[in-house]
Colleague: 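My questions all concern the structure below.
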2 protein chains.
Amino acid sequence: MNQSLPQVFAALGDETRWDILTRLGARELSASALATELPVSRQAIAKHLAALAEVGLVEAIPSGREIRYRAIGARLSGLATELDRLGTQWDSRLARIKTIAERF
Amino acid sequence: MNQSLPQVFAALGDETRWDILTRLGARELSASALATELPVSRQAIAKHLAALAEVGLVEAIPSGREIRYRAIGARLSGLATELDRLGTQWDSRLARIKTIAERF
DNA sequence: CGATCATGCAACTGGTGGGTTGCAGTCGGT
DNA sequence: ACCGACTGCAACCCACCAGTTGCATGATCG
């Protein structure tokens, strides 16, 4: 996990995957359980879960004979921090240029 | 612009697009200028810029006979806020469940 | 200890998106 | 007014990915 930013965003750039993520944010669920409430096959969901786990957005929790998954909020918050850093950096650089320009 | 989250992340989930974004975060550049320092054609870059503009991550600035682009940091910071909200929400829900469980 | 239910693996399909090339249009400076 | 440079549009190619079906495997509850 902890891949480069574009990889994580690619994982987040899919409707179905978001659907899965938000459900896992509310409560832990197995792949089969998710398959019953989503309009796609269990195997499709399994692939999505693998992709999400790959970038550390989701965690597998073996429990009895099924494997439940939970969303990792801390990962998302960490991303948020990085994004905010970049965003303010870009804007402040712009502001600095503007300030310099206004001196003439 | 201001599309749903998956769409924005899909736009961010590409190496080339991220490369473009970070460069535009440092200074305004035209599509042709970007093409000289990136290993892809100008038309490819134009498509990426259109995609980025579509979700409000980039802004077009007509200037003379060329069109310069700048990255919009505020958009990124806005995303960060949403992500952090979701992340902490997930984790706090988890904590709440854990708290309830511990009462037994 | 056996039947069941959930996961895992493999092969295939369709569609979408990143990339390219070629050409037409248009604006600007000398 | 012309030449050069930058942009926009269109058609095409190719690779990757979401999704499916089918089957094999294996652990668990009764």
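Remember, predicted model here, so these are calculated numbers, not experimental data. Throughout, a chain's letter reflects where its sequence line sits, starting with A, and its residues are numbered from 1.
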Colleague: So, does the side chain of A/Arg42 form a donor-acceptor pair with the base of D/dG19 at under 3.5 Å?
Modeller: no
Colleague: Quickly work out the A/Ile45 CD1 to C/dT7 C1' distance and round it to whole Å.
Modeller: 13 Å
Colleague: What do the steps show when you test A/Leu5 against A/Leu79 for side chain to side chain contact (heavy atoms under 4.5 Å, CB included), and what is the final call?
Modeller: CA-CA 8 Å; A/Leu5 282 178; A/Leu79 273 185; 3.6 Å; yes
Colleague: On the nucleotide D/dG19, are OP1 or OP2 found under 4.0 Å from the side-chain N or O atoms that A/Ser41 carries?
Modeller: no
Colleague: Is the phosphate of C/dG19, meaning OP1 or OP2, less than 4.0 Å from a side-chain N or O of B/His48?
Modeller: yes
Colleague: Can you measure A/Lys47 atom NZ to C/dT13 atom C1' for me and round it to whole angstrom units?
Modeller: 11 Å
Colleague: Can you check the A/Leu29 CG to C/dA6 C1' distance for me, whole Å?
Modeller: 14 Å
Colleague: Could you give the CG-to-C1' distance, from A/Leu38 to D/dA18, as a whole number of Å?
Modeller: 14 Å
Colleague: With no angle test and no hydrogens, is the base of C/dG28 tied to the side chain of B/Glu66 by a donor-acceptor pair under 3.5 Å?
Modeller: no
Colleague: Please tell me if A/Ser32 has a side-chain N or O lying less than 4.0 Å from either OP1 or OP2 of C/dC5.
Modeller: no
Colleague: Between D/dG22 and A/Gln43, counting only base atoms on the nucleotide and side-chain atoms on the residue, is there a donor-acceptor pair under 3.5 Å?
Modeller: yes
Colleague: If only side-chain N and O atoms of B/Arg17 are considered, is one of them under 4.0 Å from the OP1 or OP2 phosphate oxygen of C/dG18?
Modeller: yes
